[in-house]
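The structure appears right after this line, and notes come after that.
Counting begins at 1 with the first residue of the sequence. Small disclaimer: the values here were computed from a predicted structure and weren't measured.
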Amino acid sequence: MTTASSPSQNADTPKGFVLAVSAYVMWGFLPLYMKALSHIGPVEVVAHRVIWSVPVAGLLLVILGRTRDLRAALGNPKMLGMAALTAALISVNWAIYVWAISTGHALDAALGYYINPLFSIALGAVLLREPLTRMQLVAVGLAALGVLVLVVEAGRLPWAALGLMVSWGFYAFFKRSLPIGPNQGFLLEVLILLIPAIAYVTWLGVQGTGHFGVLASDTFLLSCAGVVTAVPLLVYANGAKLVRLSTMGILQYIAPTMIFITAVAVFGEQIDRGRMIAFPLIWAALVVYSIPMIRQARAQA
């Protein structure tokens, strides 16, 4: 999952729109895949996401002829340090997401990605001193109220939702400082994670607790981890260049909405009283947040 990044033009193109929608729909279906792996530990699943993403992302760069930037990045200690930070954040985000889906907390995953854009606004205000508009203040306030309702009703923090929100919010924040294309940047991140991922999977194999190569079904699903991880990210990265920021801001609600529907209709998760109050507050916050973007899109049109 991701937040919108600034496109390279001020008009939507049909190709960009199709790519963006396709990426978010693929992310929306991702819980079905993760649920099929719910009997496998989150760290093992993340390790395979890393391992199998490398050939997918690497093949794309070879086809596009953009390996030169990657080689330059590998020789730049400062860039490697920043990429190591973003790699750590994305791996934490993946682990929390896999855990949430596999343990019956898909609604918390949806909540985390719903409030993520509002967290990014707050993050920009605090760290970058970006001024908040009145509408943005209202939106952030409604989202905070929704989280507060969940805490009061459940008697605990919604850790999965907050973990997804914080890890992805900071990932997107630091990703802005990585002076490399999105395709190259993603491959650089998984290359950094590759050695520990291989080491962990090898250790599981030696201990006899790994799942790869044991059952054909598990081996096949884990082998697909690179495709389901890399393809949506790469499709999104290329689509974001061809549509407006406001368009991406609206489209990003597709994935958490699909996750929400899947959690209730397919996984049978219950909407308790706290969620019955909190989710409408979050949705109201997103409506308030989206109004300026819709007005901007109409003005540009």
Side-chain angles (χ1 to χ4, degrees), residues 1-3 24 26-50 86-123 140 142-173 193 225 228-229 232-233 252-283 285-286:
M1 305 283 278
T2 187
T3 54
Y24 285 122
M26 284 188 280
W27 275 318
F29 280 115
L30 188 59
L32 298 175
Y33 169 79
M34 292 301 171
K35 198 69 170 180
L37 294 171
S38 59
H39 59 289
I40 301 176
V43 179
E44 184 177 359
V45 174
V46 171
H48 280 281
R49 292 186 76 173
V50 170
T86 57
L89 288 167
I90 193 61
S91 62
V92 169
N93 182 269
W94 286 348
I96 295 172
Y97 180 81
V98 173
W99 176 87
I101 300 300
S102 64
T103 57
H105 293 83
L107 281 174
D108 286 340
L111 175 65
Y113 288 121
Y114 270 132
I115 59 181
N116 179 69
L118 303 176
F119 176 72
S120 294
I121 291 175
L123 204 60
V140 172
L142 285 171
L145 181 60
V147 173
L148 180 61
V149 168
L150 287 174
V151 173
V152 172
E153 284 293 318
R156 59 178 178 81
L157 288 170
W159 290 111
L162 295 179
L164 289 170
M165 176 193 75
V166 171
S167 59
W168 191 269
F170 277 103
Y171 172 75
F173 176 80
L193 296 169
V228 301
T229 299
L233 274 171
Q252 68 184 322
Y253 304 139
I254 293 174
T257 300
M258 291 180 65
I259 296 172
F260 179 91
I261 294 171
T262 300
V264 176
V266 181
F267 300 159
E269 294 189 21
Q270 299 298 312
I271 304 179
D272 55 25
R273 186 175 70 171
R275 288 170 172 168
M276 289 180 66
I277 299 172
F279 269 100
L281 285 171
I282 302 298
W283 292 331
L286 295 175

Taking the side chain as everything from C-beta on, heavy atoms only, tell me whether [X] gets closer than 4.5 Å to [Y].
{"X": "Leu37", "Y": "Val98", "answer": "no"}
{"X": "Trp168", "Y": "Val92", "answer": "no"}
{"X": "Asn116", "Y": "Ser120", "answer": "yes"}
{"X": "Trp27", "Y": "Leu233", "answer": "yes"}

Assign the ring pair Phe170 / Phe173 to parallel, tilted or perpendicular, where the plane angle (0 to 90°) is split at 30° and 60°.
-> perpendicular

Nearest 0.5 Å please: distance from the [atom1] atom of [X] over to the [atom2] atom of [Y].
{"X": "Leu148", "Y": "Leu145", "atom1": "CG", "atom2": "CG", "answer": "6.0 Å"}
{"X": "Phe267", "Y": "Leu107", "atom1": "CZ", "atom2": "CG", "answer": "10.0 Å"}
{"X": "Leu286", "Y": "Trp283", "atom1": "CG", "atom2": "CH2", "answer": "10.0 Å"}
{"X": "Met34", "Y": "Ile40", "atom1": "CE", "atom2": "CD1", "answer": "10.5 Å"}
{"X": "Ile115", "Y": "Leu162", "atom1": "CD1", "atom2": "CG", "answer": "6.0 Å"}
{"X": "Met26", "Y": "Leu30", "atom1": "CE", "atom2": "CG", "answer": "10.5 Å"}

Which atom names give the shortest non-hydrogen contact between [X] and [Y], and what distance separates them?
{"X": "Ile259", "Y": "Ala106", "result": "CG2-O, 3.5 Å"}
{"X": "Ala87", "Y": "Leu193", "result": "O-CD1, 3.6 Å"}
{"X": "Val46", "Y": "Ser91", "result": "CG1-O, 4.2 Å"}
{"X": "Phe119", "Y": "Met165", "result": "CB-CG, 3.5 Å"}
{"X": "Pro158", "Y": "Val151", "result": "CD-CG2, 3.9 Å"}
{"X": "Leu142", "Y": "Ala285", "result": "CB-CB, 3.7 Å"}

So, Tyr114 versus Phe260, ring centres under 6.0 angstrom or not?
-> no

Does the separation of the ring centres of Trp94 and Tyr97 fall below 6.0 angstrom?
-> no

For Gln252 and Tyr113, run side-chain contact (heavy atoms from CB on, under 4.5 Å): C-alpha distance rounded to whole Å, both residues' side-chain angles, the deciding distance at 0.1 Å, then the answer.
-> CA-CA 9 Å; Gln252 68 184 322; Tyr113 288 121; over 6 Å; no

Are Thr86 and Ile90 close enough, and set up right, to give a side-chain contact (heavy atoms from CB on, under 4.5 Å), and what steps lead you there?
-> CA-CA 6 Å; Thr86 57; Ile90 193 61; over 6 Å; no

Any pair counted as salt bridge (charged side-chain N to carboxylate O under 4.0 Å, His left out), so long as it reaches residues 147-159, sequence neighbours left out = Glu153-Arg273

Sequence neighbours left out, what pairs pass side-chain hydrogen bond (donor to acceptor under 3.5 Å, both in side chains) with at least one residue falling in residues 33-44?
-> His39-Asp218, Glu44-His211

Just by modelled atom types, is the Gln270 backbone N or O under 3.5 Å from a matching donor or acceptor in the Arg275 side chain?
-> yes

